[in-house]
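Working notes, beginning with the structure itself.
To find a chain, count down the sequence lines: A is the first, B the second, and so on, and within it residues start at 1. Everything numeric here is computed off the predicted structure, so don't read it as measured data.
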Amino acid sequence: MVKTQDNNVESSSNLREQRLEKLAKLKEKGIDPYPYGFERTHRVGEIQEKFKDLEDGERTDFVASVCGKVHNQRNDWMFVDLFDEDGKLQLFSDAKTRPEELKELLPLFDKGDYIGVTGKIRKTPRGEVTLDIEKITLLSKTLQPLPEIVEGKKRRLGIADVETRYRQRYLDLIVNPESKDRLRKRALMVQEIRNYLDSRGFLEIETPILNTEAGGASAKPFITHHNTLDMDMYLRIATELHLKRLVIGGFERVYEIGRIFRNEGISIKHNPEFTSIELYQAYTDVTGMMDLTEEMLKYVCDKVLAKLKFEYQGTEIDFSKPFERISMQEAVKKATGKELFGVELNEAFEAHVEKTLIQPTFIYDYPVEISPLAKRHRDEAKSEAGFVERFELFIYGRETANAFTELTDPLDQKERFLMQGKQREEGDEEAHIYDQDFITALEYGLPPTGGMGLGIDRLAMFLTDAASIRDIIAFPTMKQQV
RNA sequence: GCGCCAGUAGCUCAGGGGUAGAGCACUCGGCUUUUAACCGAUUGGUCGAAGGUUCAAAUCCUUCCUGGCGCACCA
């Protein structure tokens with residue numbers, strides 16, 4: 001069944017009807033079902049931590065006010081599982097001894113409602129930290145029934161339907177703890193990347209998403225239109241060319257973590273909008289970028305997972321050892337016995353080598369034809385053979401990072417763009433576009449610079465063992481429902 | 001874009017030509033310090049949509065919608 005919110009409202013009308021009646025009764029009693037706040041004295045986690053050492057059955061005079069969402073209720077509101085972002089706190093109210101006010105109110109509450117409660121903390125004879133409800137306040141009345149919550153592993157609960165999980169992510173987050181954990185880990189990961197770079201003198205500077213040209217990568221762009229300027233614009237497909245302009249302007253270490261848009265297929269590894277980080281550092285090169293990338297990934301992995309080895313889809317990925325480093329030509333030669341060059345080399349690499357690179361591996365020395373923004377190799381023989389100073393990092397057979405010694409020669413850059421233009425004429429829709437403004441910028445002087453780009457989503461997939469990119473994007477791109 | 005698979009109650013799922021099912025949730029009653037509480041009863045459906053075949057379609061056929069996976073493209 002297609003599950004739109006409207007359909008839910010429609011088909012759960014009885015359940016919703018009941019709640020609307022309760023809502024009306026609450027209003028009759030002069031109770032605001034959507035009040036403006038609550039004086040919370042403690043979070044659930046603080047209570048659990050503070051009283052974890054109570055003896056079973058021990059009571060205290062400690063009065064706390066906590067608030068959150070009711071996930072479960074047993075025995076006529078005798079036991080209530082209240083959740084805030086920290087987790088669960090059990091509430092207790094004996095039907096026989098509860099005050100008149102509670103007797104009137106509790107039947108009007110439902111699972112899913114937000115409430116605030118005040119009362120003394122104790123531990124039940126079964127060892128559960130519990131708050132005895134003295135006062136209860138409705139904080140938000142819910143009209144939709146809550147799907148079952150996943151708490152134990154004894155029964156299949158939660159929302160299994162992936163379409164509902166993506167379209168109504170809030171429900172997924174409410175009932176499926178692992179979904180919430182993934183997004184939390186992703187946020188932590190991004191935070192640690194910023195910590196790492198900020199502490200090394202990098203500045204995060206935002207560059208435009210709306211552009212008159214979509215450059216810096218080979219990809220099909222999204223087109224949009226600016227009304228006042230009466231001009232078509234492109235959503236960016238990379239942050240590269242603007243960040244390099246910033247280096248030209250004198251910022252020696254810059255980066256941007258931001259959304260990129262590519263008008264291409266959707267798959268387990270591809271979402272039309274995704275997040276990249278690109279960073280540029282003056283006076284270093286591709287080797288410096290390799291060292292930085294490796295160090296940063298190990299740092300972030302350690303901070304997020306507190307370990308350097310992790311399982312991805314049943315395979316152990318090991319960040320604890322030095323990452324493998326091998327040239328593309330060597331890797332292809334090992335696999336096929338052939339010494340190839342140019343586009344052929346890259347094709348052979350993609351066909352025979354890429355999938356085998358499970359543990360983190362830097363592949364370096366790329367053909368110039370597919371690297372229009374990278375500097376030609378400093379080794380003259382390699383340069384003549386058509387190699388540039390570039391690497392890509394592969395993990396689990398997936399391209400995870402891409403870096404080069406940036407091309408700083410404006411005349412060579414112009415040639416490269418022209419070469420791309422030829423490929424475009426030959427039908428390659430995704431060849432890089434000619435960007436005169438960028439060449440002009442280069443003519444003002446880009447210092448020797450190393451640059452690196454990394455897919456935030458793909459890294460997040462690894463660190464959260466997510467099979468699909470949609471599992472680490474809160475609201476993945478979906479078709480409109482009819 | 002192509003191929004394969006899926007869509008049945010609020011949730012999780014059975015059923016695959018002959019009265020639309022179960023568990024949980026909801027509602028009511030019982031029990032009353034539970035831990036998936038428990039016991040009993042009631043309620044709940046356009047079987048994704050539209051056509052077709054048939055005495056009869058959730059079931060078979062066609063088309064469409066939405067989603068998943070694989071391939072292609074890409075990061």
Side-chain angles (χ1 to χ4, degrees), chain A residues 1-4 7-19 21-22 56-57 71-81 88 90-97 107 110-112 122-128 130 132 142-167 171 174-176 217-220 237-238 260-278 350 354 392-394 398-402 428-430 453-459 461 467-470 476 478-482:
Chain A
M1 189 178 114
V2 174
K3 281 144 182 144
T4 63
N7 279 351
N8 274 340
V9 168
E10 199 78 17
S11 56
S12 65
S13 60
N14 285 335
L15 298 172
R16 187 164 176 272
E17 212 54 50
Q18 287 169 13
R19 291 182 181 221
E21 281 168 26
K22 290 179 183 179
D56 290 356
H71 275 200
N72 193 12
Q73 164 273 126
R74 299 177 289 279
N75 295 10
D76 187 27
W77 293 88
M78 180 178 258
F79 295 97
V80 181
D81 293 337
K88 180 177 105 172
Q90 179 170 270
L91 314 177
F92 179 87
S93 169
D94 188 346
K96 283 179 184 161
T97 60
D110 288 293
K111 289 179 194 177
R122 67 182 170 96
K123 202 173 224 181
T124 63
R126 299 288 180 100
E128 184 85 26
T130 298
D132 284 329
T142 53
L143 301 180
Q144 294 283 348
L146 202 58
E148 293 171 76
I149 311 284
V150 177
E151 280 166 39
K153 288 182 178 169
K154 292 176 182 175
R155 191 173 62 189
R156 283 189 73 183
L157 300 166
I159 294 183
D161 183 282
V162 283
E163 186 174 355
T164 308
R165 288 183 45 223
Y166 297 151
R167 288 194 193 274
L171 277 182
I174 290 167
V175 304
N176 296 331
S218 50
K220 287 180 209 139
I237 58 173
I260 303 295
F261 307 84
R262 296 191 182 174
N263 206 340
E264 288 159 357
I266 295 179
S267 82
I268 204 167
K269 289 180 288 185
H270 302 86
N271 196 64
E273 53 178 309
F274 63 100
T275 304
S276 81
I277 175 170
E278 286 190 33
E350 286 179 358
E354 204 174 298
E392 289 192 327
L393 172 66
F394 291 85
R398 293 178 186 168
E399 187 191 327
T400 305
N402 178 23
D428 183 358
E429 276 184 81
E430 290 168 11
L454 183 148
I456 293 287
D457 309 86
R458 292 207 173 159
L459 187 59
M461 286 170 72
S468 169
I469 195 170
R470 293 183 204 90
M478 301 288 277
K479 225 170 180 175
Q480 189 175 31
Q481 290 185 298
V482 184

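In this structure, the separation between NZ on A:K88 and NE2 on A:H71 is 11.0 Å, given to the nearest 0.5 Å.
Within the structure, every side-chain polar atom (N or O) of A:R126 is placed at least 4.0 Å from both OP1 and OP2 of B:U33. For A:K111 and B:C26, the shortest distance from a side-chain N or O to OP1 or OP2 is below 4.0 Å. In this model, the phosphate group of B:U34 is not approached by any side-chain N or O of A:R74 to a distance below 4.0 Å at OP1 or OP2. Contact check, A:K22 against B:U27: a side-chain N or O comes under 4.0 Å of OP1 or OP2. Considering only side-chain N and O atoms, A:K269 lies nowhere under 4.0 angstrom from the phosphate OP1 or OP2 of B:A75. Within the structure, every side-chain polar atom (N or O) of A:R458 is placed at least 4.0 Å from both OP1 and OP2 of B:A75. Of the side-chain N and O atoms in A:N72, none sit less than 4.0 angstrom from OP1 or OP2 of B:A25.
When rounded to the nearest whole Å, the span between CG of A:L454 and C1' of B:A75 equals 10 Å. When the C1' atom of B:G45 is taken as reference, atom CG of A:L15 falls 13 Å away, rounded to whole Å. Between the P atom of B:C71 and the CD atom of A:E350 lies a distance of 15 Å, rounded to the nearest Å. Going from atom CG of A:N263 over to atom P of B:C73 covers 17 Å, rounded to whole Å. If you take CZ of A:R167 and C1' of B:G48, they are 12 Å apart, rounded to a whole angstrom. One atom, CD1 of A:I237, and another, P of B:C73, lie 18 Å apart when rounded to the nearest Å. Taking atom CG on A:D161 and atom P on B:A9, their separation rounds to 11 Å, with Å as the unit. Separating the CD atom of A:E163 from the P atom of B:U8 is a distance of 10 Å, rounded to the nearest angstrom.
When both distances must be under 3.5 Å, the Watson-Crick or G-U wobble mate of B:G21 is B:C13. For B:A56, there is no paired base (Watson-Crick or G-U wobble, both distances below 3.5 Å). Across the strands present, B:C69 finds its partner in B:G3; the criterion is a Watson-Crick or G-U wobble pair with both atom distances under 3.5 angstrom. When Watson-Crick and G-U wobble pairs are counted only if both distances are under 3.5 Å, B:C28 pairs with B:G40.
Using a 4.0 Å heavy-atom criterion, one finds that A:G265 contacts the bases of the nucleic acid, with or without backbone contacts as well. At the heavy-atom level, A:N271 lies under 4.0 Å from base atoms of the strands shown. Heavy atoms of A:Q90 sit under 4.0 angstrom from at least one base atom. Counting non-hydrogen atoms under 4.0 angstrom, A:E128 reaches a base of the nucleic acid. Note on A:Y166: only backbone sugar-phosphate atoms sit closer than 4.0 angstrom, heavy atoms only; bases stay farther off. Contacts of A:R470 with the nucleic acid, taken as non-hydrogen atoms under 4.0 Å apart, involve only primed sugar atoms and P, OP1 or OP2.
A:N176 contributes a side-chain N or O that, together with a main-chain N or O of A:I159, makes up a donor-acceptor pair within less than 3.5 Å. For the pair A:S276 (side chain) and A:F274 (backbone), a donor-acceptor distance under 3.5 Å is absent. Remark: the backbone N or O of A:K220 is paired with a side-chain donor or acceptor of A:E264 at under 3.5 angstrom. No donor-acceptor distance shorter than 3.5 angstrom exists from the side chain of A:R16 to the backbone of A:L143, with no hydrogens or angles considered.
Side chain A:N75 to base B:U34: no donor-acceptor pair is found below 3.5 Å.
Each of B:C11, B:A72, B:C13 was ranked by its minimum atom distance to the side chain of A:I159; first place goes to B:C11. Listed nucleotides: B:U35, B:A72, B:A75. Nearest to the side chain of A:S218: B:A75. Distance from the side chain of A:E148 is smallest for B:C24 among the nucleotides B:G70, B:G44, B:C24.
A:I149 has its side chain within reach of A:I174: a pair of non-hydrogen atoms, C-beta onward, lies under 4.5 Å apart. Residues A:I469 and A:K269 fail the side-chain proximity criterion, which asks for heavy atoms closer than 4.5 Å. Counting heavy atoms from C-beta outward, A:Q73 and A:D110 have side chains that stay 4.5 Å or more apart.
Taking atom P in both B:U59 and B:A50, one finds a spacing of 12 Å when rounded to whole Å. For the C1' atom pair drawn from B:A58 and B:G15, the interatomic distance equals 9 Å after rounding to whole Å. Across B:U8 and B:A20, the matching C1' atoms stand 9 Å from one another, rounded to whole Å.
For A:P125 and A:I469, each mapped to the nucleotide of RNA chain B holding its nearest heavy atom, the one lying further toward the 5' end belongs to A:P125. Between A:I266 and A:A467, the one whose closest nucleotide on RNA chain B sits nearer the 5' end is A:A467.
An aromatic stacking contact between A:F79 and the base of B:U35 is absent, as defined here by ring centres under 5.5 Å apart and ring planes under 30° from parallel.
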